[in-house]
Amino acid sequence: MTEREPARGPEQRKQDTLDRLEKEEDAWVATASADGVPCLVPLSFVWHRGTLLLATRRTNPTAVNVNPSGQARLTLGHTRDVVLIEGTAELVEGVDLPAESADAFAEKLRWDPRGRSPWVYLRVTPHTVKAWREVNELAERDLMLDGTWLI
């Protein structure tokens with residue numbers, strides 16, 4: 001594989017990642033059932049107060065899968081510009097979500113699931129964040145470990 005661009009330094013990769021979390025609207029979200037059946041779906045999100053806030057129907061596999069394990073993986077980007085986030089997911093009812101968070105979700109994504117009983121919020125608190133474009137960035141792809149930014 002040939003390297004297409006020079007490797008970004010860790011500070012630039014972190015800033016690029018934060019910019020993407022602020023600007024992008026959609027992520028691939030992976031969860032697994034209690035018996036290990038994987039589920040991968042695209043969901044819209046807002047980055048708010050250090051967490052990703054998403055919404056899904058409470059009966060969808062993504063919501064159901066959160067209860068047994070609480071673990072989720074999310075990715076932004078394509079295969080040559082990846083942000084990979086591993087975190088702890090929790091379901092939050094619309095009435096239990098702080099108004100500031102629900103307002104941020106509604107403003108960015110132009111829809112509001114509050115008051116719609118089939119919908120729940122999914123809040124993911126990252127514990128690992130990795131970002132890389134090409135093989136030249138793989139060695140230093142870790143930006144967050146154990147919930148702490150390394151940079």
Side-chain angles (χ1 to χ4, degrees), residues 1-57 60-92 97-113 119-151:
M1 171 183 290
T2 61
E3 296 172 5
R4 297 180 181 189
E5 296 180 28
R8 298 170 292 171
E11 295 83 7
Q12 186 62 54
R13 277 186 293 111
K14 179 183 178 186
Q15 187 57 57
D16 291 349
T17 297
L18 291 171
D19 289 346
R20 291 178 76 178
L21 286 166
E22 287 295 327
K23 294 175 184 169
E24 292 191 21
E25 294 185 355
D26 301 314
W28 286 101
V29 181
T31 59
S33 66
D35 57 353
V37 177
C39 176
L40 178 66
V41 297
L43 291 176
S44 298
F45 74 94
V46 64
W47 175 250
H48 185 69
R49 304 188 88 174
T51 65
L52 293 108
L53 187 62
L54 310 98
T56 189
R57 291 183 180 269
N60 284 349
T62 301
V64 173
N65 291 348
V66 166
N67 292 326
S69 71
Q71 294 187 357
R73 284 187 175 169
L74 299 89
T75 61
L76 307 176
H78 53 81
T79 59
R80 297 210 185 264
D81 192 2
V82 177
V83 174
L84 174 64
I85 300 167
E86 297 177 358
T88 304
E90 64 177 315
L91 295 182
V92 182
L97 189 69
E100 177 186 3
S101 297
D103 291 347
F105 184 94
E107 181 179 327
K108 180 179 180 184
L109 301 172
R110 299 166 306 282
W111 76 283
D112 192 343
W119 294 88
V120 291
Y121 289 96
L122 178 66
R123 182 172 34 215
V124 179
T125 302
H127 55 76
T128 302
V129 177
K130 300 177 182 196
W132 69 94
R133 286 187 179 152
E134 298 286 341
V135 71
N136 62 355
E137 291 186 357
L138 286 176
E140 295 182 344
R141 66 183 165 226
D142 294 330
L143 299 177
M144 176 189 282
L145 294 175
D146 298 323
T148 301
W149 290 102
L150 303 176
I151 297 95

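In this text the structure is predicted, and so the values were computed from the model without any measurement. Just so it is clear, the values below take in all heavy atoms, side chains as well, and ignore hydrogens, waters and symmetry mates. Sequence positions, counted from 1, serve as the residue numbers for this chain.
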Task: side-chain contact (heavy atoms from CB on, under 4.5 Å) evaluation trace for F105 with D112 - done: CA-CA 7 Å; F105 184 94; D112 192 343; 5.9 Å; no

- [ ] Please test R80 against E134 for side-chain contact (heavy atoms from CB on, under 4.5 Å), starting from the C-alpha separation and ending with a verdict.
- [x] CA-CA 6 Å; R80 297 210 185 264; E134 298 286 341; 3.1 Å; yes

Task: From CA spacing to verdict: side-chain contact (heavy atoms from CB on, under 4.5 Å), F45, E24 - done: CA-CA 8 Å; F45 74 94; E24 292 191 21; 4.3 Å; yes

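Across H48 and A104, no two heavy atoms sit closer than the pair ND1-CB, 3.6 Å. Taking all atoms of both residues into account, the shortest heavy-atom contact from L43 to A55 is CD2-O, 3.8 Å. In terms of heavy atoms, A89 sits closest to V124 at CB-CG2, 4.0 Å.
Once rounded to the nearest 0.5 Å, the distance linking OG1 of T128 with CG of D146 reads 6.5 Å. If you take CG on L138 and CG on N136, they are separated by 8.0 Å, rounding to the nearest 0.5 Å. Atom CG of L145 sits about 4.5 Å away from atom CG of L150, to the nearest 0.5 Å. To the nearest 0.5 angstrom, T17 atom OG1 is 9.0 Å from I151 atom CD1. R8 CZ to W132 CH2: the interatomic distance, rounded to the nearest 0.5 Å, is 11.0 Å. Distance CZ/R123 to CG/L52: 11.5 Å, rounded to 0.5 Å.
Counted by atom type alone, S33 and N65 present zero donor-acceptor pairs between their side chains at under 3.5 Å.
Residue R133 places its CZ atom among more than 12 non-hydrogen atoms of other residues, nucleotides or ligands, all under 6.0 Å distant.
Residues E25 and R110 are paired through a salt bridge, judged by an N-O separation under 4.0 Å between the basic side chain and the carboxylate.
Shown are L40, V41, V120; of these, the side chain to side chain contact (heavy atoms under 4.5 Å, CB included) with T62 is made only by V41. With respect to D142, the salt bridge (Lys or Arg N to Asp or Glu O under 4.0 Å) criterion is satisfied by exactly one of K14, K130, R13: K130.
Residues I85 and P126 meet the side-chain proximity criterion, which asks for heavy atoms closer than 4.5 Å. At a threshold of 4.5 Å between non-hydrogen side-chain atoms, the residues T56 and V29 do not count as touching. Between L122 and L91 there is a side-chain heavy-atom pair separated by less than 4.5 Å. With contacts defined as side-chain heavy-atom distances shorter than 4.5 Å, the pair L74/L54 qualifies. The shortest distance between side-chain heavy atoms of D81 and R20 falls below 4.5 Å.
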